[in-house]
Student: 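Structure incoming, see below.
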Protein chains: 2
Amino acid sequence: MAASVFKERGFRGTTLNHIADALGTDRATLYYYVGSKEDLFQEIVREAVGVNLATAISIRDGEGTAPEKVRQLIVSVMASYAEFYPVLYVLIQENLDHVAPERDTWAQEMKQVNHDFTDVLIEIIEAGHQDGTLSSAAPAWLQSYGIMGMVGWTNRWFDPNKAPVSAEEIGSTFADMVLGGLLA
Amino acid sequence: MAASVFKERGFRGTTLNHIADALGTDRATLYYYVGSKEDLFQEIVREAVGVNLATAISIRDGEGTAPEKVRQLIVSVMASYAEFYPVLYVLIQENLDHVAPERDTWAQEMKQVNHDFTDVLIEIIEAGHQDGTLSSAAPAWLQSYGIMGMVGWTNRWFDPNKAPVSAEEIGSTFADMVLGGLLA
DNA sequence: GTCAACATCAACGCTGGAGTTGATTTTGGT
DNA sequence: ACCAAAATCAACTCCAGCGTTGATGTTGAC
């Protein structure tokens, strides 16, 4: 519930009044349950972030060729976005470079998780470069950033409860684009 | 100058004190030149947004096959991001769904521009579906959103003054990925 | 029925940041 | 040298939004 409000208005744009309203209660009542706006936000996000990284790692370390792993990763991330909607998007849409100084410790941790996640993708792609299953015409990090962009940008338009396509279809389409390309 | 501050902190995270400091002056002096924080922001962004859309339209209406146009569009957008850096990113990184009510009129206009831009890309891709030069396995809008994501997400990591690769290289890599795919 | 733990909320304090005002300094034209 | 326009800045006002407190319900165990 509070997550939806954060998703719709962003952290800075959300006041505890907005959340209290959404919950049909009073702002002061909210403080009976949470220590601060920051606490509330972190509590919402905390669990989901780890899950995503763990999935990526298990794909990297699992069976399959590099291209298969890239596909699995894209599809499973999209599936997570839908499953935990809107929790993961709440985090992604926050530009962690823009957080206020007080929130810096937490922001650093989150950036680390993002960084680790991206690294997993880079490693998968680099393995593909090594064994020749993926084109090494460009550096693996740049290819990874492109993929992360495609996927991460869905926070701006994808709502699993309203979209005409499923998260899996989106993931599959993106994987098709990025692996096989759009050329007919 | 002020644009850099907005880029680094986001609209909400930027105070006029931050900007005044960056300019080595006083906040009140700033108000001698601009009517409000909002005015300042719009003034910075106004010009650049139109340019980008115009470029897209001229590519759509120009010579070349659909795949060539997709490539041109991606590369030219990346080039614009670098040329006008950080102005276009300042706008992109603002999630226009999160703006405060007072800013709504302006936000609607900006959303319209974004929408028009995306539409141009969709039209290019649809033309490719028609003439068989691009795969129509997925809807054109979804393929477009993927491309917009790749490109738009660069606001999180690309700084033309620091990056080890040029905007054109990035654009070219993304075009390669999306058209030919990464499969070797 | 009573009491303690649980929960709610009106009313407050406080701070950060937008925008204003008026007095003062700087600049440039004659 | 003089004056008017341009520019600067100290010192305000105002308000939104975070967080607190204490008084007032509500509930469930015995």
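So you know, we letter chains A, B, ... as the sequences are listed, proteins then strands, and number each from 1.
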Student: Sorted by first residue and then second, give each ring-ring contact (aromatic ring centres under 6.0 Å, His included) pair with at least one member in residues 64-83 of chain B; sequence neighbours left out.
Tutor: Tyr81(B)-Tyr89(B)

Student: Under 3.5 Å, which N/O atoms of the protein pair with N/O atoms of nucleotides 12-17 of chain D?
Tutor:
none

Student: Is there a side-chain contact between Lys37(A) and Phe11(A) in this structure, where contact means two heavy atoms from C-beta onward sitting under 4.5 Å apart?
Tutor: yes

Student: Side chains of residues 49-59 of chain A: which donor-acceptor partners sit under 3.5 Å, not counting sequence neighbours?
Tutor:
{"from": "Asn52(A)", "atom 1": "OD1", "to": "Ser80(A)", "atom 2": "OG", "distance (Å)": "3.1"}
{"from": "Thr55(A)", "atom 1": "OG1", "to": "Val51(A)", "atom 2": "O", "distance (Å)": "2.9"}
{"from": "Ser58(A)", "atom 1": "OG", "to": "Thr55(A)", "atom 2": "O", "distance (Å)": "3.0"}

Student: Calculate the interatomic distance between Arg12(A) atom CZ and dC18(D) atom C1'; express it in whole Å.
Tutor: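 My rounded result for the distance is 14 Å.
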
Student: Think Ser36(B) has a side-chain N or O under 4.0 angstrom from the OP1 or OP2 of dA18(C)?
Tutor: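 No, outside the criterion.
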
Student: How many Å lie between CG on Leu23(A) and P on dT8(C), as a whole number?
Tutor: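 Computing the Leu23(A):CG to dT8(C):P distance gives 10 Å.
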
Student: Would you jot down, in residue-number order, the residues of residues 38-45 of chain A having a non-hydrogen atom under 4.0 Å from DNA chain D?
Tutor: none

Student: Send over the distance from Tyr33(B) OH to dT20(C) C1', rounded to a whole Å.
Tutor: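 So the two atoms are 17 Å apart, to the nearest Å.
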
Student: Measure the distance from CG on Asn17(B) to C1' on dA10(D) and round it to the nearest whole Å.
Tutor: 13 Å

Student: Ala79(B): which residues meet the side-chain contact (heavy atoms from CB on, under 4.5 Å) condition with it, sequence neighbours left out?
Tutor: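 Scan of Ala79(B) (side-chain contact (heavy atoms from CB on, under 4.5 Å), adjacent residues dropped) gives Glu168(B).
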
Student: Enumerate the residues from residues 95-107 of chain A whose closest heavy atom to DNA chain C is under 4.0 Å, giving them by residue number; use none for an empty result.
Tutor: none

Student: What pairs meet the ring-ring contact (aromatic ring centres under 6.0 Å, His included) rule with one or both residues in residues 103-126 of chain A, with sequence neighbours excluded?
Tutor: Phe41(A)-Trp106(A)

Student: Using the side chain to side chain donor-acceptor pair (under 3.5 Å) criterion, which residues pair with Arg156(B)? Sequence neighbours excluded.
Tutor: none

Student: What side-chain donor-acceptor pairs closer than 3.5 Å can you find for residues 23-30 of chain A, not counting sequence neighbours?
Tutor:
{"from": "Asp26(A)", "atom 1": "OD2", "to": "Ala28(A)", "atom 2": "N", "distance (Å)": "2.7"}

Student: Do any side-chain atoms of residues 169-179 of chain A form donor-acceptor pairs under 3.5 angstrom with protein atoms, and if so which ones, sequence neighbours left out?
Tutor:
{"from": "Glu169(A)", "atom 1": "OE1", "to": "Ser166(A)", "atom 2": "N", "distance (Å)": "2.7"}
{"from": "Glu169(A)", "atom 1": "OE1", "to": "Ser166(A)", "atom 2": "OG", "distance (Å)": "3.3"}
{"from": "Ser172(A)", "atom 1": "OG", "to": "Arg71(A)", "atom 2": "NH1", "distance (Å)": "3.4"}
{"from": "Thr173(A)", "atom 1": "OG1", "to": "Glu169(A)", "atom 2": "O", "distance (Å)": "2.9"}
{"from": "Asp176(A)", "atom 1": "OD1", "to": "Arg71(A)", "atom 2": "NH2", "distance (Å)": "2.4"}

Student: For the pair made of CG in Leu30(B) and P in dA10(D), what is the distance, rounded to whole Å?
Tutor: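 Result: 15 Å.
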
Student: Under the rule for ring pair (Phe, Tyr, Trp, His ring centres under 6.0 Å), what residues qualify as partners of Tyr31(B), not counting sequence neighbours?
Tutor: none

Student: Would you say a side-chain N or O of Thr29(B) is under 4.0 Å from OP1 or OP2 of dC9(D)?
Tutor: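 Checking dC9(D) against Thr29(B), a side-chain N or O does come within under 4.0 Å of OP1 or OP2.
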
Student: For dG19(D), take OP1 and OP2 only and decide whether either is under 4.0 Å from a side-chain N or O of Tyr31(A).
Tutor: yes

Student: Under the rule for side-chain contact (heavy atoms from CB on, under 4.5 Å), what residues qualify as partners of Ala100(B), not counting sequence neighbours?
Tutor: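 For Ala100(B), the residues satisfying side-chain contact (heavy atoms from CB on, under 4.5 Å) (neighbours in sequence not counted) are Arg12(B), Glu102(B).
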
Student: Is Tyr32(B) near enough to dA7(D) that one of its side-chain N or O atoms lies under 4.0 angstrom from OP1 or OP2?
Tutor: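 Yes, within the criterion.
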
Student: Can you find a side chain N or O atom of Thr25(A) that sits less than 4.0 Å from OP1 or OP2 on dC9(C)?
Tutor: yes

Student: For side-chain hydrogen bond (donor to acceptor under 3.5 Å, both in side chains), just list the numbers for Thr15(B) and Asn17(B), CA-CA rounded to whole Å, side-chain angles, deciding distance to a tenth of an Å, and then say yes or no.
Tutor: CA-CA 5 Å; Thr15(B) 74; Asn17(B) 250 326; 5.1 Å; no

